[in-house]
Amino acid sequence: MTDNAESTAAAEIWEPHTSATATVGRPRPVAVPGLAAGRLELLVAGTAEVRTIAPDVVEITAEDPGRDGTGDVRIEWRTPCTDATSFWTPEPRGTGWLPASWSAPRRTSLSRGAPVAALVGTGDTTLCAFAADREDALAAAGVVEETGEFRFWVQATGRLTVRIDASGRHFAQSLADLADWWAAGADRPARVPDIARRPAYSTWYALHQNITPEAVERQAALGKDLGLDTIIVDDGWMTTDRTRGYAHCGDWEPRSLPDTAAHVARVHDLGVRYLLWYALPFIGKDSTAWDTLSRFALADAGHLGAVIVDPRYPQVRAHLVDRLARAAEEWGMDGLKVDFVDWFGVQDPPAPGPEADCATVDEGLRLLLGEVRRRIDAANPEAMIEHRQPYVSPGLWPYATMIRATDCPLGPHENRQRIVDTRLIAGPLAVHADMLMWHPAEPAEQVAGHLINVLFGVPQISVDLAAQNPGQREALAFWLGVARAHIDTLQLGDLRPSRPDLGYPMVTAIGDGEVIVGRYAALPVAAAGEWRTLLVANADADPDVRLTGGHGIAEATVQDARGRAVSTATVRLDGGVTVHVPRGGLLTLRRV
């Protein structure tokens, strides 16, 4: 195909969302060196430089050749959409189906999303994965109906570098390498204390706004006995109103936690760390801050009783930093749960006024989060800061220690998918589950199922611990113990989720001589490899766990959902073997 023919073909693709992309020039063909050249058709609007990083991994940099270098550039590429099973993104509910090329592009920013995606093939292979080197980008991907190809493009202003991986490796490996690429270009690495990877208790689903010192201290004490080393106190501490909404946000006075420092000290005496929730962008109409800060509104959130304030204004940043820093500086808190950062990602923000000192919202947000982190760290070098999907940008890594899966109450499979999706590109940060809750009548096996579904993240529990029946309590204690005992493999090991198109029905983590498998469907478990210990956590109702591909002899110990011994036997792995593992139970194999 000639250069002109390629350009014509590119122009013929229907783009109903042209208003979002109208500022870019027409992409022109660019040669791709190396093995990927046979599978990637590349077009660039702007000057282009292409570098081979590894076999089938290339980097493309596009720059605006204009006089001031501030025009939009675009990198576009296509690959045959053969043997494809799913399209992966870190967005909640973003993984699975193959979108059409005419689908609306997604805009990422510091506060919303991340410029990364992957086309996954049969066997969980990387057909094509990419990441961009900047948060503020416009990106799209999808099937070209006319040709059966899969088309990607990324657009940004001035200068843009995209790394493309068409290596055919497991897609998790490709995404981990892309996250490492981000980390290599980060301003500074994130500091993640060990405590950020240990199970925590959250008050939200258990107490909602019904916060009192007595209630918090009671749950903290009960949680510590079960292995919950941190308590996160959510909405309600700053108001005595219990009608929800955010009209009382902004002053951040501990109206439901009188004598706050003494209360925090009592929690610390239990051996429990303490995090406090803040809805960062909101100034509520019932706060005293409303009179001075509501005029700096970035957007209206009237349905919530608040406005979103604009971090481009130093008055806004100074107020928020001082309010949040008090938690550690005055009350002795061990960190913050910083909520709703994604609400700063307003699509069309108003022009900054004369009192603003930042041109962009992202610039102001970076200053705000950076100063919060500096003040909190100065008060407590081991402090934790929680962020949440969908603000998963690598640009936020310096300002957080962990990222939580976004809300999915009583949705174990959704929690699992969101944890895995976030883990794949979270870099150094700990990834936490959305808080686990269950009905008071939930059987122990399903309580165990909830915990197995979040096994590859950090469990957060949010039920009334005093109200748990013996079976629920035993299941909770047992699986929290498993999570704590195997942190190195579960959270820091080599993550290998299977079948993103089916919601990850099996997830594997590979550590030093240890392999841990979460089984969420009636699927055989691969026992191949030179592991010393293999654990299989069975969340499926089918108890017949078939082990395939293994060799040698192992001692097999089975425990039920409550941790009680079911059986111990010596099994020969050659040729495959089936072990009965009840729902919510654990199989432990040790080589002999």
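Computed from a predicted structure; not experimentally measured.
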A.B. asks: Counting only heavy atoms not in Asp574 (residues, nucleotides, ligands), do more than 12 fall under 6.0 Å from its CG?
C.D. replies: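 Correct, the count exceeds 12.
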
A.B. asks: Counting N and O atoms only, with roles assigned by atom type, does the side chain of His580 sit under 3.5 Å from a partner on the main chain of Ser567, one being a donor and the other an acceptor?
C.D. replies: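 Answer holds: no.
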
A.B. asks: For residues Ile376 and Met384, determine if any side-chain heavy atom of one lies less than 4.5 Å from a side-chain heavy atom of the other.
C.D. replies: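 They are not in contact (no side-chain heavy atoms under 4.5 Å apart), so the answer is no.
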
A.B. asks: May I ask you to decide whether Asp501 forms a salt bridge with Arg499, counting only side-chain N to carboxylate O separations under 4.0 Å?
C.D. replies: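 A salt bridge links Asp501 with Arg499.
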
A.B. asks: Nearest 0.5 Å, what's the CG-CE distance between Asp407 and Met435?
C.D. replies: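 One gets 5.5 Å once the value is rounded to the nearest 0.5 Å.
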
A.B. asks: Would you give the length of the straight line joining atom CD1 of Ile385 to atom CG of Leu369, rounded to the nearest 0.5 angstrom?
C.D. replies: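 One gets 8.0 Å once the value is rounded to the nearest 0.5 Å.
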
A.B. asks: If the threshold is 4.0 Å, N to carboxylate O, is there a salt bridge linking Arg418 and Glu414?
C.D. replies: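 Judged by the 4.0 Å cut-off on N to carboxylate O distance, Arg418 and Glu414 do form a salt bridge.
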
A.B. asks: With the side chain counted from C-beta on, respond yes when Val517 and Leu535 share a heavy-atom pair under 4.5 Å apart, and no when they do not.
C.D. replies: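 Answer no - side chains too far apart.
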
A.B. asks: Taking the ring of His263 and the ring of Tyr274, is the distance between their centroids below 6.0 Å?
C.D. replies: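 Judged by ring-centre distance (under 6.0 Å), Tyr274 and His263 do meet the cut-off.
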
A.B. asks: Can we call the ring centroids of Tyr205 and Trp438 under 6.0 Å apart?
C.D. replies: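 Ring-ring flag for Tyr205/Trp438: false, centres at least 6.0 Å apart.
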
A.B. asks: Among Asn538, Asp540, Val507, which residue meets the side chain to side chain contact (heavy atoms under 4.5 Å, CB included) test with Tyr520?
C.D. replies: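 It is Val507; the other options fail the test.
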
A.B. asks: Using a strict threshold of under 4.0 Å (side-chain N to carboxylate O), is an ion pair present between Asp229 and Arg484?
C.D. replies: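 A salt bridge links Arg484 with Asp229.
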
A.B. asks: Kindly check if the number of other-residue, nucleotide or ligand heavy atoms within 6.0 Å of CZ (Arg218) is above 12?
C.D. replies: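 It does not: Arg218 CZ has 12 such atoms or fewer within range.
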
A.B. asks: Just by distance, do the side chain of Thr85 and the backbone of Val120 share a donor-acceptor pair under 3.5 Å?
C.D. replies: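 Side chain of Thr85 to backbone of Val120, a donor-acceptor pair under 3.5 Å: yes, one is there.
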
A.B. asks: Taking it one step at a time, do Ser256 and Thr212 satisfy side-chain contact (heavy atoms from CB on, under 4.5 Å)?
C.D. replies: CA-CA 6 Å; Ser256 289; Thr212 65; over 6 Å; no

A.B. asks: With heavy-atom distances below 4.5 Å as the criterion, would you say the side chains of Ser393 and Thr108 are in contact?
C.D. replies: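 With C-beta onward as the side chain, the pair stays apart.
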
A.B. asks: Any salt bridge linking Glu91 with Arg106? Criterion: basic side-chain nitrogen under 4.0 Å from a carboxylate oxygen.
C.D. replies: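 The answer is yes: the pair qualifies as a salt bridge.
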
A.B. asks: Do Trp479 and Ile452 come within less than 4.5 Å of each other through their side chains, counting heavy atoms only?
C.D. replies: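 Touching, per the 4.5 Å side-chain cut-off.
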
A.B. asks: Specify the closest pair of heavy atoms between Val272 and Ala220, including all atoms of both residues, with the distance to one decimal.
C.D. replies: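 Where Val272 meets Ala220 most closely, the heavy atoms are CG2-O, 3.8 Å.
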
A.B. asks: Go through the steps for Phe456 and Arg423 under the test side-chain contact (heavy atoms from CB on, under 4.5 Å), then give the verdict.
C.D. replies: CA-CA 9 Å; Phe456 299 91; Arg423 275 268 326 253; 4.2 Å; yes

A.B. asks: Could you go through Glu386 and Thr401, starting from their C-alpha distance and side-chain angles, then the distance that decides it, and tell me whether this counts as side-chain hydrogen bond (donor to acceptor under 3.5 Å, both in side chains)?
C.D. replies: CA-CA 6 Å; Glu386 180 191 281; Thr401 58; over 6 Å; no

A.B. asks: Does any N or O in the side chain of Asp377 come within less than 3.5 Å of the main-chain N or O of Pro381, such that one atom is a donor and the other an acceptor?
C.D. replies: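 A pair under 3.5 Å: no.
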
A.B. asks: Let me know which of Asp235, Thr203, Asp234 forms a side-chain hydrogen bond (donor to acceptor under 3.5 Å, both in side chains) with Gln209.
C.D. replies: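 Among Asp235, Thr203, Asp234, the one meeting side-chain hydrogen bond (donor to acceptor under 3.5 Å, both in side chains) with Gln209 is Asp235.
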
A.B. asks: Would you sort out whether Thr230 and Asp334 count as a side-chain contact (heavy atoms from CB on, under 4.5 Å), showing the intermediate values?
C.D. replies: CA-CA 9 Å; Thr230 298; Asp334 301 286; over 6 Å; no

A.B. asks: Looking only at side-chain N and O atoms, does Arg519 offer a donor or acceptor that is under 3.5 Å from a partner on Thr508?
C.D. replies: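 Result is no, nothing qualifies.
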
A.B. asks: Just checking Arg572: does its CZ atom have more than 12 heavy atoms from other residues, nucleotides or ligands closer to it than 6.0 angstrom?
C.D. replies: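 No, the 6.0 Å shell around CZ holds no more than 12 heavy atoms from other groups.
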
A.B. asks: Within the distance-only criterion (no hydrogens, no angle test), does the side chain of Ser462 pair as donor or acceptor with the backbone N or O of Ala206 below 3.5 angstrom?
C.D. replies: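 Yes; at least one donor-acceptor contact below 3.5 Å.
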
A.B. asks: Quiz question: by atom type and distance under 3.5 Å, do the side chains of Asp464 and Gln219 form a donor-acceptor pair?
C.D. replies: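 A donor-acceptor contact under 3.5 Å links the two side chains.
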
A.B. asks: Does Thr557 reach the side chain of Glu555, with side-chain heavy atoms less than 4.5 Å apart?
C.D. replies: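 Answer yes - side chains close enough.
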
A.B. asks: Taking 4.0 angstrom as the limit, do Asp494 and Arg496 come out as a salt bridge?
C.D. replies: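 Yes, Asp494 and Arg496 are salt-bridged.
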
A.B. asks: Tell me, do Trp237 and Trp277 make a side-chain contact under 4.5 Å, heavy atoms counted?
C.D. replies: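 The answer is yes; the side chains approach within 4.5 Å.
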
A.B. asks: Is there a side-chain hydrogen bond (donor to acceptor under 3.5 Å, both in side chains) between Gln468 and Glu442? Walk through the geometry before answering.
C.D. replies: CA-CA 10 Å; Gln468 301 306 293; Glu442 195 81 279; over 6 Å; no

A.B. asks: Just do the side-chain hydrogen bond (donor to acceptor under 3.5 Å, both in side chains) check on His486 and Glu514 with the steps written out, would you?
C.D. replies: CA-CA 9 Å; His486 300 279; Glu514 180 177 72; 2.8 Å; yes

A.B. asks: Are Arg473 and Phe478 in a cation-pi setup, meaning NZ or CZ lies under 6.0 angstrom from the ring centre and within 45 degrees of the ring axis?
C.D. replies: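 No, a cation-pi geometry is absent between Arg473 and Phe478.
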
A.B. asks: Report yes if some heavy atom in the side chain of Leu476 is under 4.5 Å from a heavy atom in the side chain of Leu436; otherwise report no.
C.D. replies: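 Heavy-atom side-chain distance check fails, nothing below 4.5 Å.
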
A.B. asks: Any side-chain donor-acceptor pair under 3.5 Å between Asn415 and His450?
C.D. replies: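 Side chains of Asn415 and His450: no pair found under 3.5 Å.
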
A.B. asks: Will you find, in the side chains of Thr122 and Asp83, an N or O donor that is under 3.5 Å from an N or O acceptor?
C.D. replies: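 There is such a pair between these side chains.
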
A.B. asks: Does Val192 form a side-chain contact (heavy atoms from CB on, under 4.5 Å) with Leu429? I'd like the steps, not just the answer.
C.D. replies: CA-CA 6 Å; Val192 180; Leu429 302 186; 4.1 Å; yes

A.B. asks: Nearest 0.5 Å, what's the NE2-OG distance between His432 and Ser202?
C.D. replies: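 Atom-to-atom, His432:NE2 and Ser202:OG are 11.0 Å apart.
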
A.B. asks: Of all the heavy-atom pairs spanning Pro582 and Val558, show the shortest one and how long it is.
C.D. replies: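 Scanning both residues, the minimum pair turns out to be CD-CG1, 3.8 Å.
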
A.B. asks: For Lys224 and Leu270, which heavy atoms make the closest approach, and how far apart are they?
C.D. replies: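 It is CG-O, 3.5 Å.
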
A.B. asks: To the nearest 0.5 Å, how far apart are CG in Leu589 and CG in Leu547?
C.D. replies: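 That separation rounds to 5.5 Å.
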
A.B. asks: How far apart are the closest heavy atoms of Phe130 and Pro115, and which atoms are they?
C.D. replies: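 Scanning both residues completely, I find the closest heavy atoms to be CE1-O, 3.9 Å.
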
A.B. asks: Please confirm whether Tyr278 and Phe340 have ring centers closer than 6.0 angstrom.
C.D. replies: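 Ring centres of Phe340 and Tyr278 not closer than 6.0 Å.
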
A.B. asks: Could you state the interatomic distance from CH2 (Trp531) to CD1 (Ile510), rounded to the nearest 0.5 Å?
C.D. replies: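 Trp531 CH2 to Ile510 CD1: 13.0 Å, rounded to 0.5 Å.
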
A.B. asks: Would you find a donor on one side and an acceptor on the other, under 3.5 Å apart, between the side chain of His208 and the backbone of Asn210?
C.D. replies: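 No; zero donor-acceptor contacts below 3.5 Å.
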
A.B. asks: Only one of Asp177, Thr125, Asp56, Asp124 clears side-chain hydrogen bond (donor to acceptor under 3.5 Å, both in side chains) with Arg169; which?
C.D. replies: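 That would be Asp177; it is the only one of Asp177, Thr125, Asp56, Asp124 passing the side-chain hydrogen bond (donor to acceptor under 3.5 Å, both in side chains) with Arg169.
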
A.B. asks: Which atom pair, heavy atoms only, marks the closest approach of Gly395 to Pro398?
C.D. replies: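 Result for this residue pair: O-CD, 3.5 Å.
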
A.B. asks: For Thr79 and Cys128, which heavy atoms make the closest approach, and how far apart are they?
C.D. replies: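 For Thr79 and Cys128, the tightest heavy-atom pair comes out as CG2-CB, 4.2 Å.
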
A.B. asks: Nearest 0.5 Å, please: how far is CG in Leu495 from OH in Tyr504?
C.D. replies: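 Here the rounded value is 9.0 Å.
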
A.B. asks: Is the positively charged end of Arg112 above the ring of Tyr391, judged by distance under 6.0 angstrom from the centroid and angle within 45° of the axis?
C.D. replies: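 No, Arg112 does not sit over the ring of Tyr391.
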
A.B. asks: I want to check something: taking the side chain as every heavy atom from C-beta on, are Val536 and Leu586 in contact at a cut-off of under 4.5 Å?
C.D. replies: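 No; the side chains remain at least 4.5 Å from each other.
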
A.B. asks: Verify whether one side chain among Arg583 and Gln446 offers a donor that lies under 3.5 Å from an acceptor in the other.
C.D. replies: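 Arg583 vs Gln446: donor-acceptor pair found between side chains.
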
A.B. asks: Check this for me: Asp180, atom CG, are more than 12 non-hydrogen atoms of other residues, nucleotides or ligands nearer than 6.0 Å?
C.D. replies: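 Enclosed: over 12 neighbouring heavy atoms sit under 6.0 Å from CG of Asp180.
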
